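A quick note: this is a predicted structure, and the numbers were derived from the prediction, not measured.
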There are 2 protein chains.
Amino acid sequence: MASIKDVAAEAGVSVATVSRVLNDHPSVSDDARTRVLAAVEALGYRPNAVARSLRTDQTRTLGLVISDVLNPYFTELARSVEEEARALGYSVIIGNADERPELQDHHVRTLLDRRIDGLLVSPTDGGSPGMLDAARAGTPMVFVDRWIPGLDVPVVRADGRAAIRDLVAHLHGLGHRRLAIIGGPAATTTGSERVAAFRDALAEYGIPLPDVYIGQGDFQVESGRRVTEGFLDLPEPPEVVFAADNLMALGALDAVRARGLRVPEDLALAAFDDIRWFVHTDPPITAIAQPTGELGRAAVRALVDQIEGRPPPSVTLPARLVVRRSCGEPGEPGTSSSPVRRSQS
Amino acid sequence: MASIKDVAAEAGVSVATVSRVLNDHPSVSDDARTRVLAAVEALGYRPNAVARSLRTDQTRTLGLVISDVLNPYFTELARSVEEEARALGYSVIIGNADERPELQDHHVRTLLDRRIDGLLVSPTDGGSPGMLDAARAGTPMVFVDRWIPGLDVPVVRADGRAAIRDLVAHLHGLGHRRLAIIGGPAATTTGSERVAAFRDALAEYGIPLPDVYIGQGDFQVESGRRVTEGFLDLPEPPEVVFAADNLMALGALDAVRARGLRVPEDLALAAFDDIRWFVHTDPPITAIAQPTGELGRAAVRALVDQIEGRPPPSVTLPARLVVRRSCGEPGEPGTSSSPVRRSQS
DNA sequence: ATCCTCCATGTAATCGATTCCACGAGGAGG
DNA sequence: CCTCCTCGTGGAATCGATTACATGGAGGAT
């Protein structure tokens, strides 16, 4: 592969001049410029990004460490991150942690070894050693979606509290009184926060959230299934299950179907994270939608601000409730096909 | 950030010795080794991958250019690729082409500039200039899923022909005679091949595939919807629609629902590419499953073979039919709720 | 005791860029 | 006509690693 030396030889100038042309430095004669450009064309020369990075100490690359690529929420996030980064002249390298702390650490370390300019993380656990070191060492870093309390790192996320209040209002309006939640891992902020917000919202209606109605999931389909089965086995099962992410909601749906029960008649269902597939399930699932694309873009902007020496903002965007049919129909008494359960509340 | 020089100084040896310890070269005294290791530990030293790559002319990085990250098929592929690559000591950089040739070209170019060791591509179009150049220049390269005919590049893919024959047999057995297909872009191999295989399979039953039953999609949800609406508007609409990818199948499902029709009673539906969500739709969708994970792993192995100088194999794995309920029930006359259409065949 | 071999180590070149510094030519001003 | 500036250019250092080659000392064979 042709190097800058070959171009210099071909154009009959020094490597310094070639470099100047390539970085359009002002003091280059038109004559030299055209000869260099011709040589570049003739040789099909492309600058070696590795060499350039070594010299300039910047890679124009961002690292993105997400918790689970198979989760549509994160792939959408990844897409918007790449898009915005590209617009700002950066590339993105994605690391998939698969919700496993040691894999997260592997990726953080690998990315740092490659001397990425900045790191975008949605931390899987309470903070792996590698990540904490990086944060303390001053590596430009921004948390997206989830974060680690106590670190001086900007956070870009959605605030779901208002939307959760709306959801509870919606559920209460439909007559539901026994509400359960499938939470995420306690080590993640999104895992614990959503449960707290749900409890607070219920409290406003004087509805308690007993421990048996708090399921412990791990943001994966299987855990949603398992927890829901537990709920259904309860002497007094809940009327509604609210899953703290979309995959667990699908697991819940599956568990309900497996018993030959129906949503929403036998058990209503709602989810955090709206994804396009929820429109196509039966019934369409009521969900809380995050402004995922905007989140990704804001995170990139914050990170690039930090990299380029501007003060990076923390950003919190509102999530919003999207009502579909999985909790019952608003107009009619809705859950009319199972009047027994409903009437007792 | 500490460099190898700092480590050398701290340990009281030369940089050469440090490098030898790090690459566990045999001739280093135990004494020197322990001192170096201690210094590495004390300084939190991590080798600079950029500098190493420049010197060794290898990055131990693979590029993966896929057509659409939002398509679950490709995210699953990406996951298995990263997994296998990691096992073999390589990292992966993903480029999302979003089914746009110019974006594909951008990513190929960027990846090549970074001097990745090899390229895994699922080409969006007939081959962008950058990719063709790379292939001809001898960059280690492997095509996954889709490929470009006429290039001497190994291809790792699934052969769906047998599965499509099974599907047609299944449909024929259920009494369906008017079968339509939503194909992908003609520029992609998977776009045209699946249509051809479908036509061949139909021919075995003496069933023609008229042009009006061949829809032109682009592997996106919206095109599935559009084409299906066209089918439904036909004077004699098909009894079955076979979508050449999962997103178009969802679009089709959507179009059917929007008219208040039912699957499979009013229109049966099948898809190429099985994804986990198909189990959760109503009805669960009959699909042709590719061995996606195995495909990704085989592709990585072929690419690494090529990189490390071994002859890379082309691999073709069989796809298989997964029967669910979207085409009617096997046991009963199945589509009994619309006996009219069925009886006329 | 002498010589050869082998091992541990250091010196320095190298990868492909960027960039500081020096230098010569040419124009402007005195 | 001399001086000073500006401009275009090239030489060479540099980034952080790897590695060929040189060197010196220890130990074994004769």
Side-chain angles (χ1 to χ4, degrees), chain A residues 1-37 39-40 43-61 89 91 109-117, chain B residues 1-40 43-61 89 91 109-117 137:
Chain A
M1 189 153 280
S3 84
I4 196 170
K5 264 188 215 154
D6 303 315
V7 176
E10 172 87 11
V13 297
S14 72
V15 294
T17 300
V18 175
S19 176
R20 287 194 192 95
V21 171
L22 264 28
N23 296 283
D24 40 37
H25 184 94
S27 77
V28 180
S29 68
D30 285 345
D31 175 55
R33 185 184 314 278
T34 49
R35 289 220 308 286
V36 168
L37 260 20
V40 165
L43 298 172
Y45 169 76
R46 300 241 76 208
N48 183 327
V50 174
R52 173 178 297 184
S53 293
L54 177 60
R55 183 59 234 251
T56 60
D57 201 34
Q58 53 161 329
T59 49
R60 294 204 73 82
T61 300
S91 300
R109 228 177 280 280
T110 311
L111 290 168
L112 256 24
D113 285 355
R114 294 174 169 253
R115 300 303 191 261
I116 47 145
D117 293 339
Chain B
M1 190 152 278
S3 82
I4 196 171
K5 265 189 213 155
D6 304 315
V7 176
E10 172 87 11
V13 297
S14 73
V15 293
T17 300
V18 176
S19 176
R20 288 196 191 93
V21 172
L22 263 30
N23 296 285
D24 42 36
H25 183 95
S27 76
V28 180
S29 68
D30 285 347
D31 176 54
R33 186 183 314 279
T34 50
R35 290 218 311 286
V36 167
L37 260 19
V40 164
L43 297 173
Y45 168 78
R46 300 241 75 209
N48 183 328
V50 174
R52 173 177 299 184
S53 294
L54 177 61
R55 182 60 233 251
T56 59
D57 200 36
Q58 55 161 329
T59 49
R60 293 203 73 82
T61 301
S91 299
R109 226 179 282 279
T110 311
L111 290 168
L112 256 24
D113 285 354
R114 295 175 168 255
R115 301 302 192 263
I116 46 147
D117 294 340

According to a strict under-4.0 Å criterion, is B:S19 in side-chain N/O contact with OP1 or OP2 of D:dT18?
yes

Figure out the CG/P separation between A:D31 and D:dG8, and round it to whole Å.
12 Å

Do B:L22 and B:V40 come within less than 4.5 Å of each other through their side chains, counting heavy atoms only?
yes

Minimum side-chain heavy-atom gap A:I4-A:S19 below 4.5 Å:
yes

Given that A:L22 and B:A16 both sit by DNA chain C, which one's nearest nucleotide is further toward the 5' end?
B:A16

One should read off an interatomic distance between A:R55 CZ and B:L54 CG, to the nearest 0.5 angstrom, of 12.5 Å

What's A:V18 touching, base or sugar-phosphate or nothing? Going by heavy atoms closer than 4.0 Å.
nothing

Assign each of A:V15 and A:S29 to its nearest nucleotide of DNA chain D by heavy atoms, then name whichever residue's nucleotide is nearer the 5' end.
A:S29

When we call it a touch if two heavy atoms are under 4.0 Å apart, what does A:S27 touch: a base, just sugar-phosphate, or nothing?
base

Would you say a side-chain N or O of A:T17 is under 4.0 Å from OP1 or OP2 of D:dG10?
yes

Other residues, nucleotides, ligands: >12 heavy atoms within 6.0 Å of A:D30 CG:
no

Any heavy-atom pair between the side chains of A:V36 and A:V28 that's under 4.5 Å?
no

Would a distance-only check, ignoring hydrogens and angles, find a side-chain to backbone donor-acceptor pair under 3.5 Å from A:N23 to A:H25?
no

Using side-chain heavy atoms (C-beta onward) and a distance below 4.5 Å, is B:L43 in contact with B:E10?
yes

Reading DNA chain C from 5' to 3', where do the contacts with chain B start and stop? Cut-off is 4.0 Å to heavy atoms.
C:dA8 to C:dG16

Got a sec? Which of residues 45-60 of chain A come in under 4.0 Å of DNA chain C, heavy atoms?
A:Y45, A:P47, A:N48, A:A51, A:R52, A:L54, A:R55, A:T56

Distance in angstrom units between A:D113 CG and D:dA17 P, rounded:
10 Å

Is any side-chain heavy atom of A:T61 closer than 4.5 Å to one of A:R114?
no

Single hit among A:T17, A:V13, A:V21 for side chain to side chain contact (heavy atoms under 4.5 Å, CB included) with A:R35:
A:V13

